[in-house]
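Each remark here refers to the structure printed beneath this line.
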Amino acid sequence: MAKPWAKSFYNSKQWKECRKGYIASVSGLCERCDDPGYILHHKTYLTPKNINDPSITLSWSNLEYLCKDCHNKEHFEKYSPLRKDVMFDEEGNLVRRDKE
């Protein structure tokens with residue numbers, strides 16, 4: 001859901017046209033896993049300070065079309081209680097995972 005300070009941008013004609021064109025350019029597929037896309041992600045996160053800067057908000061080089069899972073990983077994985085560098089062994093002990 002858009003933050004209050006970003007709602008007018010996301011409702012703008014410029015954003016809607018940019019969004020439509022970008023999604024079509026990637027055939028509607030997630031750019032990370034090729035599943036059907038869900039949300040157009042800004043690589044440089046939008047803030048109240050940059051929301052009026054078209055080089056950030058409307059530049060295709062700052063956009064990435066993602067599926068819901070990839071978008072959630074982008075925003076929420078850093079808060080996950082799970083880690084990729086450790087695991088439980090057959091006795092239930094927490095051990096470092098071998099690097100592959």
Side-chain angles (χ1 to χ4, degrees):
M1 175 166 239
K3 294 179 173 90
W5 50 264
K7 285 186 179 183
S8 63
F9 166 72
Y10 285 116
N11 288 320
S12 71
K13 180 180 178 183
Q14 293 86 357
W15 171 246
K16 290 177 182 179
E17 289 177 356
C18 177
R19 182 181 184 282
K20 182 179 178 182
Y22 188 89
I23 293 169
S25 78
V26 297
S27 302
L29 298 175
C30 176
E31 295 183 74
R32 295 188 187 177
C33 71
D34 288 331
D35 280 351
Y38 171 75
I39 193 165
L40 192 52
H41 167 72
H42 285 91
K43 295 175 190 176
T44 299
Y45 296 174
L46 300 186
T47 68
K49 290 183 178 182
N50 68 22
I51 193 73
N52 295 312
D53 183 349
S55 70
I56 293 174
T57 58
L58 300 174
S59 174
W60 282 20
S61 65
N62 190 41
L63 300 175
E64 185 177 27
Y65 198 48
L66 301 176
C67 67
K68 192 170 190 174
D69 286 341
C70 288
H71 188 256
N72 286 343
K73 285 178 190 173
E74 172 69 30
H75 284 277
F76 304 116
E77 191 168 83
K78 60 187 168 195
Y79 303 113
S80 174
L82 304 177
R83 291 178 37 183
K84 294 180 181 174
D85 62 329
V86 293
M87 65 182 218
F88 292 103
D89 66 12
E90 60 279 346
E91 296 172 4
N93 299 308
L94 188 63
V95 297
R96 290 211 176 272
R97 187 180 299 270
D98 292 332
K99 294 186 179 189
E100 297 174 9

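Position 1 is the first residue of the sequence; numbering continues from there. Just so we're clear, the structure is a prediction, and the values are computed from it rather than from any experiment.
Among all heavy-atom pairs drawn from Tyr65 and Val26, the shortest one is CB-CG2, 3.8 Å. Leu46 and Phe9 get closest at one heavy-atom pair: CD1-CE2, 4.0 Å. Heavy atoms only, all atoms of each residue included: Leu29 and Asp34 are closest at CD2-O, 3.6 Å. Residues Leu63 and Cys18 approach most closely at CD1-SG, 3.8 Å, considering heavy atoms.
Ring geometry for His41 against Tyr45 counts as perpendicular: the plane angle is over 60°, on a 0 to 90° scale with 30° as the lower cut.
Here the CZ-CG distance, from Phe88 to Leu94, works out to 5.0 Å after rounding to the nearest 0.5 Å. Rounded to the nearest 0.5 angstrom, Leu66 CG and Arg32 CZ are separated by 5.0 Å. Put simply, OH on Tyr10 and NZ on Lys3 are 8.0 Å apart, with the number rounded to the nearest 0.5 Å. Considering CG of Asp89 and CZ of Arg96, their distance stands at 14.0 Å, rounded to 0.5 Å.
By the side-chain contact (heavy atoms from CB on, under 4.5 Å) test, Pro36 pairs with no residue at all, sequence neighbours left out. Shown here are the side-chain contact (heavy atoms from CB on, under 4.5 Å) partners of Asp69, two or more places apart in sequence or in another chain: Cys67. Among residues two or more places apart in sequence or in another chain, the side-chain contact (heavy atoms from CB on, under 4.5 Å) test is passed with Asn52 by none. Partners of Glu90 under the side-chain contact (heavy atoms from CB on, under 4.5 Å) rule, at least two apart in sequence or in another chain, do not exist in this structure. Under the side chain to side chain donor-acceptor pair (under 3.5 Å) criterion, Ser8 pairs with no residue at all, not counting sequence neighbours.
For residues 39-53, no pair satisfies salt bridge (charged side-chain N to carboxylate O under 4.0 Å, His left out), with sequence neighbours left out. Sequence neighbours left out, the pairs with a member in residues 11-28 that pass side chain to side chain donor-acceptor pair (under 3.5 Å) are Tyr22-Glu31.
In the hydrophobic clustering (ILVMFWY side chains linked at under 4.5 Å, chained through shared members), Ile39 is joined by Tyr38.
A donor-acceptor pair under 3.5 Å links the side-chain atoms of Asn62 to the main chain of Ile56, judged by distance alone.
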